[in-house]
Amino acid sequence: MAGRMMSRRIMGKASFAELKDASGRMQIYINRDEISSDAEGTMYNTVFKKLLDMGDIIGIKGEVFKTKVGEESVNVKELTVLSKSLRPLPVVKTDADGKVHDAFSDAELRYRQRYVDLIVNDHVKETFIKRTKITNSIRDFFNKRDYLEVETPILQPIPGGAAARPFKTHHNALDMPLYLRIANELYLKRLIVGGFDAVYEFSKDFRNEGMDRTHNPEFTVMELYVAYKDYLWMMNMTEELLEKVAMDSNGTTEVKIGENMVSFKAPYARVPILEAIKIHTGFEVAGMDEIALKEVCKKVGVAVDETMGVGKLIDELFGSKCEHHYIQPTFITDYPKEMSPLTKEHRTNPALTERFELMVNGKELANAYSELNDPIEQRERFEEQLKLTEKGDDEAMFIDQDFLRALEYGMPPTSGIGIGIDRLVMFMTNNSSIQEVLFFPQMRPEKKAVEMSEDEKAIFHILKANSPMLLNDLKTQSGFSNKKWDKTIKDLTKKNLAKINNTEEGLFVELGK
RNA sequence: GACCUGGUAGCUCAGUUGGUAGAGCACCUCCCUUUUAAGGAGGUGGUCCUGGGUUCGAGCCCCAGCCCGGUCACCA
């Protein structure tokens, strides 16, 4: 067997050590005379005792036996050094009481050096294994129903399908801007137009917005579209899916999330959003216009501003007064039209749409619609969004003409859903931070300390006191010879510590960034 | 973006009123043949986040900044 040495106890001519591989840890027993072929016991005394450290990777051959204490161990007959660790490994030890000593727990180091985190913190590896179990469970559920997993563009000319600020980039050959997708919804619907009955995609989406413990600039959403279904059908499917995911990942439908026990056992409560607002604020807001809604917001202490339309106001009311109440999985349904430009009008109330969001532990986990498939109405809804943009809402949606053209060829009645995979994994693994469920969460780059020579420091200090300054003045003040000056200023600019600007008034030197 | 913590050895952390920089683990040296959180003895190891200031003297006090975390704001 082979693995990384995670602990070592040397007792004269015999030693115990622990080897760790992907499947776990195993104790090994090493005896000087059994692994050394020469009289000096080189392999044991020099190699094992002196040259090897914790964290080194070794291979062994030997026989399994039980020690006096009853611990299953391998009696090593042959030892091979496979790989040396040059950096000391943080050693985490757990005592008989289960108390952890010297945990590698600094969040910054753990995220920046996830490889170390994974070596020494076994529970971290468990989280990511569970993450894969969850996505496998979802794939399994869909594939058994013959839903087709597809891939759609990440680089999009028009960032559509959601309301968010995109990352922008540029394609040189085509000389055009491209955006990293904020959603893949409009592409999946094009595929439904194309004749697939059900398509899904695990989509890495990108949003250029704030970061906190539930938001990372890149994150994963699973989106599914099924033709000839509506949002009522989708609620039933969602219940079934989440019940299975909970069973496959945790072996139970009862999951502990923070302080709460959450049951993913179907069915889930269904509450219309206006009903929820009535329950938690006491106001009946159905049919209210913008002015009346702003009144209500003021009364219950929700901040409003000029750019907010009816949709956003209701969203705010729900977000700040209701959302956190829904701990057990609950479908919040029938959102007002203004908030849902891609959703089909409600079958009994034209002010509403056939949409639901699934709330779990007070957070949104999924968002689904009966999709709007009327191209004429879709165009009108987009135009309303455009008006919102003009009003100052910088997140209202762009108009995607090609998507409208696709709809004009006819899209069957369809229901779609997006499930936040990172959030789902956070729930199923009881983590409160998205950084704990992403291998490599986004971090600020590490600051590198730039080393300066004495000469460089001297010039840097003069410059720092008076930047920008004329190049000739700086040279004179430094008192350096021509050659020394030339070398020093070139090195400083190379390290981006200084910058030379050629302007009409002459050559200036300023501090770099 | 605002506010609040924190930043000291490879890791986890102490550091008193401002007066020589500390512990445990890791690492190095020595002793020990079935041990167990970490057997015993000795040793190496520091940009106390950075830059200014106050002071005879700063890890500690003051100012500015950097970075992590948290709360809020923003954000389907």
Side-chain angles (χ1 to χ4, degrees), chain A residues 6-18 27-34 44 49-55 65-73 75 85-113 116-117 120-121 161-165 182-183 205 207-215 217 221 303 305 311-312 314-316 318-320 323 332 335 339-342 355 357 359 363-367 393-395 397 418 420 423 432-433 435 441 443-451 460-461 464-465:
Chain A
M6 297 302 285
S7 72
R8 186 168 64 156
R9 295 177 289 281
I10 296 174
M11 295 161 299
K13 288 173 228 159
S15 297
F16 290 89
E18 248 184 327
Q27 173 165 281
I28 61 174
Y29 170 76
I30 297 173
N31 183 297
R32 183 187 70 187
D33 301 323
E34 293 203 54
Y44 184 76
K49 278 170 66 176
K50 286 200 178 148
L51 298 178
L52 284 180
D53 296 312
M54 302 251 267
F65 75 108
K66 256 199 183 144
T67 64
K68 279 181 189 165
V69 198
E71 173 103 11
E72 194 128 288
S73 308
N75 190 347
S85 166
L86 295 181
R87 292 175 186 266
L89 202 63
V91 184
V92 181
K93 287 168 183 166
T94 311
D95 65 23
D97 305 329
K99 202 175 154 208
V100 178
H101 299 259
D102 294 336
F104 178 64
S105 56
D106 184 284
E108 176 175 4
L109 279 175
R110 286 184 47 234
Y111 301 152
R112 285 196 196 281
Q113 305 189 164
V116 177
D117 192 24
V120 302
N121 290 330
R165 277 189 288 274
I182 56 174
D205 292 348
R207 295 185 185 178
N208 203 344
E209 286 167 353
M211 292 164 57
D212 58 32
R213 67 178 200 292
T214 55
H215 295 85
V221 178
D305 69 56
K312 201 132 194 176
I314 289 180
D315 195 31
E316 284 293 316
F318 181 77
S320 56
E323 195 170 86
I332 302 297
Y335 285 65
M339 316 170 52
S340 317
L342 299 166
R355 169 180 181 183
E357 286 192 0
M359 312 301 305
K363 303 267 164 52
E364 176 196 343
L365 175 61
N367 183 16
D393 185 345
D394 57 357
E395 296 200 330
M397 293 185 192
R423 218 165 259 188
S432 60
S433 161
Q435 294 165 307
M443 302 284 274
R444 271 204 177 75
E446 282 180 84
K447 205 176 34 170
K448 321 184 243 246
V450 185
E451 281 188 27
F460 188 74
H461 270 100
K464 203 166 148 192

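Scope of the values below: all heavy atoms of this structure, side chains included, with no hydrogens, waters or symmetry mates. Per chain, numbering begins at 1; letters A, B, ... match sequence-line order. Being a predicted model, the structure only gives us computed values, none of them experimental.
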Are any non-hydrogen side-chain atoms of A:L52 and A:R8 less than 4.5 angstrom apart?
yes
Choose from B:rC13, B:rA76, B:rA26 the nucleotide whose nearest atom is closest to any side-chain atom of A:M54.
B:rA26
Closest listed nucleotide, where the reference is the side chain of A:R165 and the choices are B:rC30, B:rC74, B:rA76
B:rC74
For a 4.5 angstrom cut-off between non-hydrogen side-chain atoms, does A:E34 reach A:Y44?
no
Measure from the side-chain heavy atoms of A:S105 and tell me the nearest of B:rU34, B:rA37, B:rU12.
B:rU12
In terms of ring plane angle, is the pair A:F16 and A:Y29 parallel, tilted or perpendicular, where the classes change at 30° and 60°?
tilted
Counting any heavy atom closer than 4.0 Å, what does A:E71 reach on the DNA or RNA strands: base, sugar-phosphate only, or nothing?
base
Rounded to the nearest 0.5 Å, the CD atom of A:Q435 sits from the NE2 atom of A:H215 at a distance of 12.5 Å
Take atom C1' in B:rC60 and the same atom in B:rG42, then report the distance between them in whole Å.
32 Å
Whole-Å P distance, B:rA41 and B:rG24:
10 Å
Identify which nucleotide among B:rU34, B:rU29, B:rA76 has an atom closest to any side-chain atom of A:K50, counting heavy atoms from C-beta outward.
B:rU29
Using the side-chain heavy atoms of A:D33, tell me which of these nucleotides is nearest: B:rU33, B:rA38, B:rA76.
B:rU33
Say you pick atom C1' in B:rA23 and the same atom in B:rC49; how far apart are they, in whole Å?
22 Å
With respect to the side chain of A:D212, which nucleotide from B:rA76, B:rA73, B:rC11 is positioned closest?
B:rA73
Residue among A:R355, A:M359, A:E323 satisfying side-chain contact (heavy atoms from CB on, under 4.5 Å) with A:I332:
A:M359
Less than 4.5 Å apart, any side-chain heavy atom of A:K49 and any of A:R32?
no
Is it true that A:S73 and A:N75 share a donor-acceptor pair across their side chains at a distance under 3.5 Å?
no
Pick the nucleotide of RNA chain B nearest each of A:P90 and A:I10; which residue has the one closer to the 5' end?
A:P90
Only counting residues at least two apart or in another chain, list the ones meeting side chain to side chain contact (heavy atoms under 4.5 Å, CB included) with A:V91.
A:M54, A:K93
List every contact pair, protein side and nucleotides 42-46 of chain B side both N or O, where the distance is under 3.5 Å.
none

Measuring only the C1' atom in each nucleotide, how far is B:rU20 from B:rC62? A whole number of Å is fine.
25 Å
Whole-Å distance between B:rA37 C1' and A:D102 CG?
11 Å
Base, sugar-phosphate, or nothing for A:L109, non-hydrogen atoms under 4.0 angstrom?
sugar-phosphate
For B:rG40 and B:rG45, measure between their C1' atoms and round to the nearest Å.
22 Å
Just the rounded figure in Å: distance from P of B:rG10 to CG of A:D117.
19 Å
Under 4.0 Å, counting only non-hydrogen atoms across every strand here, what does A:R355 touch: a base, just sugar-phosphate, or nothing?
base
A:M11 near the nucleic acid: base, sugar-phosphate alone, or nothing, with a heavy-atom cut-off under 4.0 Å?
base
A:L89 CG to B:rG10 C1': how many Å, rounded?
10 Å
Remember a base hit wins even if backbone is also touched, and classify A:Q435 as base, sugar-phosphate or nothing at under 4.0 Å, heavy atoms.
sugar-phosphate
Say you pick atom P in B:rG6 and the same atom in B:rA14; how far apart are they, in whole Å?
10 Å
Can you find a side chain N or O atom of A:R110 that sits less than 4.0 Å from OP1 or OP2 on B:rC68?
no
Consider the side chain of A:D106, meaning its heavy atoms from C-beta on, and name the nucleotide among B:rU36, B:rU12, B:rU71 that approaches it most closely.
B:rU12
Nearest-angstrom distance, C1' atom, B:rU29 to B:rA64
47 Å
Could you check whether A:R32 gets within reach of a base, just the sugar-phosphate, or nothing at all, counting any heavy atom under 4.0 Å?
nothing
Between B:rC25, B:rA38, B:rC68, which one does the side chain of A:R9 approach most closely?
B:rA38
Taking pairing as Watson-Crick or G-U wobble with both contacts under 3.5 Å, can you name the mate of B:rC56, or confirm there isn't one?
B:rG19
Using whole Å, report how far CZ of A:R8 lies from P of B:rA37.
19 Å
Sort out the partner of B:rG43 for me: Watson-Crick or G-U wobble, both distances under 3.5 Å, none otherwise.
B:rC27
Kindly point out which of B:rG69, B:rA37, B:rU29 is positioned nearest to the side chain of A:K93?
B:rA37
B:rU71 to B:rU54 separation - P atoms, rounded to the nearest Å:
40 Å
Hey, does A:S7 reach any base, or is it just sugar-phosphate, or nothing, if we go heavy atoms under 4.0 Å?
nothing
Go through B:rA76, B:rC68, B:rC11 for me and flag the one nearest to the A:F104 side chain.
B:rC11
